2 protein chains.
Amino acid sequence: MKKTRTETNQTIQRVIEISRQQFTEKGYANVALEEIVNEAQLTRGVIYHHFSNKKGLFLAVFEEVQKDIGKQIEIEAMKSDDLWEQLLNGCRAFLVSASETQNQRILLIDGPAVLGWDTFRKMDQEYAMNSLKEHLQLLLEEGIISPVSSIDALTHCLSGAMNEAALWIAESSNRPKTIQESMDTLQTLLNGYRM
Amino acid sequence: MKKTRTETNQTIQRVIEISRQQFTEKGYANVALEEIVNEAQLTRGVIYHHFSNKKGLFLAVFEEVQKDIGKQIEIEAMKSDDLWEQLLNGCRAFLVSASETQNQRILLIDGPAVLGWDTFRKMDQEYAMNSLKEHLQLLLEEGIISPVSSIDALTHCLSGAMNEAALWIAESSNRPKTIQESMDTLQTLLNGYRM
DNA sequence: TACAATAACATACATACTGTATGTATGTAA
DNA sequence: TTACATACATACAGTATGTATGTTATTGTA
């Protein structure tokens, strides 16, 4: 029964991976916990023990998705020293990553409804919006963008635009094309702020 | 049992109204059909008869929300003859309407997850995006905005920005302020396209 | 007007899923 | 070695949805 910490962590990770796949494929509401634990060759007791309930499991998966995407954005943004380029690189990385099948549904479709708005917002802020906001603030201070009536409003609008673009890209039959078109669009929109 | 057509339509409408309130207040997943029919002083048979299942009921409510918002947008946009002003008026009307409690949750949070992406997208297109796209197309043809690499991409980005702004407005403690800030932001972003 | 068909609404039943309570086995620390 | 805590398993209970069937009254037709 009881296992080493390493083994336990492996169990936890395996449950998360399997859940991620199942939630991605069928959506949260259509996945019974029994399916997940069957695939993991465990029983449901594990889930309640380690994650409290189904929602807790989803939260763990959601966090994993957010971390993956955040990492991608970080890597891509840092490929340039230029603040404006960093912003665009980050946008592109987000589009590429969030539009991938294994991230899209959990992050953008099921996330808000399953977690409830408050929790979703809190995590969205922690993993995505705060750094976007800081970056926009930097651009403002460096005089790269013109004074905004609200940095918060810009952060939210830009974030929303990217979320929707990611969903659009995900459903398109030509990913490279729609990614590029989305980037062109975001760039032109942001040129409204460019000094 | 059987009733006149008028009475039946009244029953249907009453079930939709009650559902709308309940879904708004608690979210789709946390409302049992029993609660809805109890309030309506009916039984669950009614729902299965008229709406097929719980999801069908939600779809009816969702459509009602979309129609309400679409109507608001139409009214507000038509308050100007100027195509650009019409766009902005429409944006504002959307923000005001979609950020209202009784619309926000059903439209923006539960909609995609409950209906499934394909259905949600189809209805979103029918009720919102197609007219936004047409309007942007008009602006393009009248030379008011500069040539875009993709009218679709712009439509999606703008739509996404507004959806997110509506959610942000809904959670703020000063609605008029955040509505104005969002409008300022949308306007500046769109100025990237202004000729 | 009478009657048959249909549909609006109700009820009974079955099933699936989540969560709770409890049990078992084992690692770790003293 | 023993006590404790925990990882995992099992049994049970409750809730919610959906399906099948029943009842009643309107509507359409002759």
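Computed from a predicted structure; not experimentally measured. Lettering of chains follows the sequences in order, A, B, ..., and the numbering in each one begins at 1. Heavy-atom basis, side chains included; hydrogens, waters and symmetry copies ignored.
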| query | Counting only heavy atoms not in A/Glu141, do more than 12 fall under 6.0 Å of its CD? | reply | yes
| Taking atom P of D/dT24 as reference, at what distance in whole Å does atom CG of B/Leu42 sit? | 17 Å
| query | Given D/dG18, C/dA10, D/dC8, which nucleotide is nearest the side-chain atoms of B/Val46? | reply | C/dA10
| query | To the nearest Å, how far apart are B/Ile47 CD1 and D/dG18 P? | reply | 10 Å
| Would you call A/Arg121-A/Asp118 a salt bridge at under 4.0 Å N-O? | no
| said: Within the 3.5 Å criterion, strictly below it, is a donor on B/Glu171 or B/Gln104 matched to an acceptor on the partner's side chain? | reply: no
| note | Which of A/Leu87, A/Leu83, A/Ile145 passes side-chain contact (heavy atoms from CB on, under 4.5 Å) with A/Leu138? Answer is A/Leu83
| request: Using a cut-off of strictly less than 4.0 Å, decide whether B/Arg44 has a side-chain nitrogen or oxygen near OP1 or OP2 of C/dC13. | output: no
| field | Given DNA chain D, 5'-ward residue of the pair A/Gln41 and B/Lys55, judged by closest heavy atom | value | A/Gln41
| request: Find the distance A/Lys54:NZ to D/dA16:P and express it as a whole number of Å. | output: 15 Å
| said: Looking at A/Glu39 and A/Arg20, is there a salt bridge between them, counting it only when a charged N and a carboxylate O are closer than 4.0 Å? | reply: no
| Relative to each other, are the rings of A/Tyr28 and A/Phe58 parallel, tilted or perpendicular (30° and 60° limits)? | perpendicular
| said: From CZ of A/Phe58 over to C1' of C/dT18, roughly how many Å is that when rounded to an integer? | reply: 17 Å
| request: Starting from P on C/dA7, measure out to CG on B/Asn9 and report it in whole angstrom. | output: 14 Å
| remark: Here the residues of residues 29-37 of chain A within 4.0 Å heavy-atom distance, strictly under, of DNA chain D are none
| Between the side chain of A/Ser131 and the main-chain N/O of A/Ala128, is any donor-acceptor distance below 3.5 Å? | yes
| message | For B/Gln125, is there any backbone N or O sitting under 3.5 Å from a side-chain donor or acceptor partner on B/Asn130? | response | yes
| query | Please give, in whole Å, the distance from D/dT19 C1' to B/Tyr48 OH? | reply | 9 Å
| Lys/Arg N to Asp/Glu carboxylate O, A/Lys79 vs A/Glu76, below 4.0 Å | yes
| field | Interatomic distance, B/Phe51 CZ vs D/dG18 P [rounded to whole Å] | value | 14 Å
| Can you tell me how far C1' of D/dC8 sits from CD of A/Gln10, to the nearest Å? | 16 Å
| request: For B/Tyr28 and for B/Arg5, locate the closest nucleotide of DNA chain D by heavy-atom distance; then report the residue assigned to the nucleotide nearer the 5' terminus. | output: B/Tyr28
Give me the distances for all protein-to-nucleotides 5-7 of chain D N/O pairs that come in under 3.5 Å?
| unit_1 | atom_1 | unit_2 | atom_2 | d |
| --- | --- | --- | --- | --- |
| D/dA7 | OP2 | A/His49 | NE2 | 2.4 |

